[in-house]
Amino acid sequence: MLDLCPEKAQTHPTPCAGHLIRKVLSNDDSNLRFSVYLNFPNGNQFVHIQPDVGSMHVHHIETISGNEDDLIDYCVTDDQLLTLLTDKSGECTARIRDERSLNWTEVILQSTEGEDLLVPLHRDPREVYIEHIFHPGRFHLQDIRKALNVCRRSLDNISMFDNLGQVNTLKEEVTLAVEDAIRTAASANELAEEDYYQLQLDEWSKFYSCCTQYHEVGSRMTGLLADPVTGMICFIKKGGISYVRQCDRTEELFLGSGQWLEQEENDLQDLSLKDDIRTLSECLQLVDGKLTEDITAQFECQISLKEDVKNLAEQIVDEMFFNTSLIDNSTTADSLAYLLQNMDDIQLALKTVLQSLDIQQRGAGEQDFVMDTSDINANQKLSCERLFISSTGVEILSKSLQQISAIRLIVVRDLLILMVAALRLENKSGLTQASASEIDDELIPNTCVLIKAYMTLKWTTETMATSAQTSSMEFNVRQLASLEIGPGLGGIQFKGGNQNMTITEMFLKGEGGNQVRIKLAKTGCMDEDPCATWTIAVLGLARFTAELLWPMNESFLFPEYLMECCQYLPLQQYVYQLSEFCDVNESSLKFMLGMAYLHFDEPEKAAQCFTEASKGVANEPFLREKIIQSDEVEVRQLEVLYYLKVLKQFEEFGAPDVVVSFAKTAISIADDDDPNVATLWSKVFKYELELEHNEEAYSAMIANPESSRRKDCLRQLLVTLSERGDLQSIVSFPYIDLEDEVVSILESRARSVDLTSQNYYDLLYAFHVNRTNWRKAGSVMYEHAMRLSRECPGKRGLQRQAQCYLAAMNALRLVDSQYAWIVKPVPSAKPKVFHGDYTVYSPKRLYDGIEKQEIMTKKLEIVELVDIEKEFMLVDARLRLYGKESDQGFHSGPISRPDEIVGQLVNVGLYDRAVIISHLFNLKLHTVMESLALRCVNLARSNVGIMATDCYDWLQDNNVTLSCVMQNSR
């Protein structure tokens, strides 16, 4: 082997000092090759050899010199040499050698977690630390459990954490443990607010530091693995695995060599522009080196609070370059001015970089989400439809997007600071007046928008999905059903538990992942090498996901997906972030905010958002295609249809006052001939009546242009008010041309309900009396008395009959004597069948089904005032007999004949009533006189003592005075 290393020929390798041999991983199994790592005291080398088949000879392929770092592990493929090293400081580094370019490329490893966490003053330390510790992929749950054991100061409690598989349970345990530590550390029972806050920070910082230490131990790299087929490279750690992906050109510009990737740089034909971009990269690195962690955290925090971005950048520039109290600032400013002066066209370089950072411009013309798969062939679909579909694959895509968005946010931030600093340097930066004006008026505002957009994009990759209760999910399903939006996006039902994912991961597990894979398949980039999963697919899927999540994207798939998955808290925060700078789908975002407010039981705020969203019903695809779902082109009609959909939300929620308000707004917009006006008036009527606004409900009913709906509303009004006992309102409404309908409805109700439960006859009587329709009033009370006689036995029924007859007689006496009659109601013998607004009778049919023709003959019976008085006297007599007649069946049976009544009156000694009834019905008085005479004879023969007690009680019942007796004796 030494012969293959001519420069090391005189140097002997140290025995047993880490020499390694690896098989070269290749797609061609017949091409057997090896790579030997030789560790020399003053360096190391990789020797690639190929053995002869069937002999002990080897052929030297090449010898590659390595650096002086200690090798941990290495791997060789057909086109790459991958090494994992440890430098003199003990930090792990990774380098990759491309066999085609023969250049070494350093792998940018993910930075370790710092032991200090910045907590904003307006937030609770517990909330910030819990959110940071349990963020997906940040700490392994086993590391958190170990830190929890340390916090509890006892390793004997490990068994009690065996059931802490669920993240929520572990969060509760961590919170309880730290709070116990805070109480233990408190030396006094009462602490000032500042002291308690500092105590919280200290204890939570201790726990976080412990988690970080365990995480660093678990993150120690022990090896690497490469797959020559898919291009996957991963580092094996003590506590897990890390994957390596390619950098996009922004990361290469900022973190790598200071230039764009080769394929991107080829697009720049101007060599001076290439040099300007390299110089611009140096400027960005200079600016970034001056920014401390506190400044960057405060910058992002102030932006989230909607502070002006340009003002924040100016403050940072003043502190970094023009603070005279710091000596180093002037040197930094001079260095920056020197770099800027070396640029030929700073505006063009800035425009080029900013254009590449604007995802909306890069994806222009490709906003056809949701995409059609009809033009994708089977091979394309097969190569892309299952890419990164597992939980680990989705996590990789989400983490890649998070890293890319974070780096791009840093770049646009530093670009803004650089431009502000260039303007402040004035002539020192070499800017002309025109260049300075263009930067100030055009480039800086665009950069501010990009900063906010990347802040939002980064937020989506870091925000946790919320767990939804079953009741919330059911309510959300009902809301979407009222909007006629089904589970069309294939959303997963996220219910919490041991799931712990961001909203981006949840989106990629659902429809978002399907759409980005379709987009990747349509590009055809996987056609040549369908197995190039890691070399092509990762960055492609991440880029398409960024386009789909980009705030200024025309696609509304992401907010719609959040709504379907009941993620209303992230949705509310998402709309809040976009409200300041994004004017794309502005009305649709307002609609989503209204849905969130409605979900959180804030109907007033929701109503305001829905009203503001109505402005975009004609020009925003989501509102028109998903909410309204109509081909109508007239704006006014679209707004009416929109309000009808929104009404259903508040109907489902139970906010009648908002429903009435929206319905009236829609009515004010609608044309007179709009077919939806009748429905809107019906909504106004229904919920005004529910709110007990009777006058408004009546007005809405009268204003309804459709007669059938007006009659339905009238029926509901009468029934509801009568059930509430508000009879005065029923009687007092004018009803205009609906009086006949009112009478018909009340009569139908009166004849169909049980008299013991609800009495509509009294309501009808009052209705007719209020309109001085005396004959109908009398007819109603007479019919009431007839039904009472059949359905209500007993004394109470007789009393009500008597009252009805008296009311009927009183009404008829107010009419001219020649009109003091009514038609006796005759119940129909045929069953009624209701068909909408009219009533028909069920026809009789012959054996063969043919309808039988019948001649309807209806008898009419006239009842005069005298006839009613006779019936009243019979009822009155039965009331007087009540309690005196031993036969109780007499009182509960049908009305007796007059002669039977007379006989009963005579039996109990009510001779005056018997005489009156006999005169009314022209009966002879023989029975009365004979009974009276017999009673008198019996009295004469009776004992005087007995006579003094109860023999003359019947005289008192007849109310016969002494003067009447003396007069009659003469």
Side-chain angles (χ1 to χ4, degrees), residues 14 16-22 25 35 37 39 44 46 66-77 80-97 104-117 129 132-151 155 158 161 164 167 170 174 205-227 232-247 251 255 293 391-392 395-396 398-400 402-403 406 500 534:
T14 306
C16 301
H19 311 300
L20 299 173
I21 184 170
R22 294 284 187 269
L25 304 175
S35 175
Y37 170 75
N39 185 19
N44 52 67
F46 298 89
N67 57 16
E68 297 181 357
D69 294 339
D70 296 331
L71 182 71
I72 299 176
D73 194 9
Y74 78 105
C75 186
V76 185
T77 64
Q80 285 182 331
L81 169 62
L82 304 96
T83 61
L84 182 61
L85 309 164
T86 303
D87 59 16
K88 296 179 181 180
S89 62
E91 296 292 333
C92 288
T93 60
R95 302 177 71 206
I96 298 177
R97 183 179 185 269
W104 285 94
T105 302
E106 186 159 352
V107 178
I108 303 172
L109 301 178
Q110 185 177 2
S111 59
T112 58
E113 294 289 335
E115 295 189 2
D116 293 329
L117 184 63
Y129 275 98
H132 191 80
I133 291 172
F134 287 93
H135 190 277
R138 182 159 286 147
F139 293 118
H140 197 279
L141 294 182
Q142 190 63 33
D143 296 335
I144 300 176
R145 293 192 187 100
K146 292 178 181 178
L148 183 60
N149 288 329
V150 173
C151 184
L155 295 177
I158 290 181
F161 301 125
L164 295 183
V167 176
L170 187 57
V174 169
S205 178
K206 290 179 183 178
F207 183 82
Y208 177 73
S209 176
C210 191
C211 291
T212 303
Q213 293 173 14
Y214 279 112
H215 176 69
E216 289 179 356
V217 173
S219 299
R220 187 174 301 158
M221 297 184 185
T222 59
L224 59 82
L225 175 66
D227 182 10
M232 181 192 71
I233 302 172
C234 59
F235 294 126
I236 302 173
K237 299 181 179 180
K238 185 177 181 181
I241 297 176
S242 291
Y243 298 89
V244 179
R245 63 168 178 85
Q246 289 184 345
C247 291
E251 292 174 313
L255 299 176
E293 186 177 356
S391 298
T392 302
E395 187 176 354
I396 290 171
S398 177
K399 189 66 177 179
S400 299
Q402 179 185 353
Q403 292 173 346
N500 190 32
W534 288 85

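Here the CG atom belonging to Leu84 is positioned 6.0 Å from the CE atom belonging to Met221, to the nearest 0.5 angstrom. Atom CZ of Arg145 is separated from atom NE2 of His140 by 8.0 Å, given to the nearest 0.5 angstrom. Separation of atoms CD (Glu395) and OG (Ser391) is listed at 8.5 Å; rounding is to 0.5 Å. Of the inter-residue distances, the one linking Asn44 atom CG with Leu85 atom CG reads 7.5 Å to the nearest 0.5 angstrom. Interatomic distance, CG of Leu81 versus CD1 of Ile96, reported as 9.5 Å (0.5 Å rounding). Going from atom OG1 of Thr77 over to atom CG of Leu25 covers 7.0 Å, rounded to the nearest 0.5 Å.
Residues Asp143 and Cys211 fail the side-chain proximity criterion, which asks for heavy atoms closer than 4.5 Å. When side chains are defined from C-beta on, Asp69 does not count as touching Arg95, because their heavy atoms never get closer than 4.5 Å. Between Tyr129 and Val174, the closest side-chain pair of non-hydrogen atoms is not below 4.5 Å.
Under the side chain to side chain contact (heavy atoms under 4.5 Å, CB included) criterion, Val244 pairs with Val107, Ile233, Phe235, sequence neighbours left out. In terms of the side-chain hydrogen bond (donor to acceptor under 3.5 Å, both in side chains) criterion, Glu106 has no residue partners (sequence neighbours excluded). For Phe46, the ring-ring contact (aromatic ring centres under 6.0 Å, His included) partners are Tyr37, Tyr74, not counting sequence neighbours. Taking Arg22 as the reference, Asp73 meet the side-chain hydrogen bond (donor to acceptor under 3.5 Å, both in side chains) condition, with sequence neighbours excluded. Annotation: side-chain hydrogen bond (donor to acceptor under 3.5 Å, both in side chains) contacts of Gln80 (sequence neighbours excluded): none. For Phe207, there are no ring-ring contact (aromatic ring centres under 6.0 Å, His included) partners two or more places apart in sequence or in a different chain.
In this structure, Ser400 contributes its side chain and Ile396 its backbone to a donor-acceptor pair below 3.5 Å.
For the residue pair Ser89 and Asp87, the shortest heavy atom distance occurs at OG-OD1, 2.9 Å. Here the closest non-hydrogen pair linking Cys75 and Ala226 is SG-CB, 3.7 Å. Scanning all heavy atoms of the two residues, the minimum distance from Ile72 to Cys92 falls at CD1-SG, 3.9 Å. The heavy-atom pair separating Leu224 from Leu82 by the smallest distance is CD2-O, 4.0 Å.
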Trace of the side-chain contact (heavy atoms from CB on, under 4.5 Å) decision for Ile144 with Tyr214 | CA-CA 8 Å; Ile144 300 176; Tyr214 279 112; over 6 Å; no
How far apart are the C-alpha atoms of Phe134 and Leu170, what are their side-chain angles, what is the distance that settles it, and do they pass the side-chain contact (heavy atoms from CB on, under 4.5 Å) test?
-> CA-CA 9 Å; Phe134 287 93; Leu170 187 57; 3.8 Å; yes
Begin with the C-alpha distance, continue with both residues' side-chain angles, and end with the deciding distance and a verdict on side-chain contact (heavy atoms from CB on, under 4.5 Å) for Arg245 and Glu251.
-> CA-CA 12 Å; Arg245 63 168 178 85; Glu251 292 174 313; 2.7 Å; yes
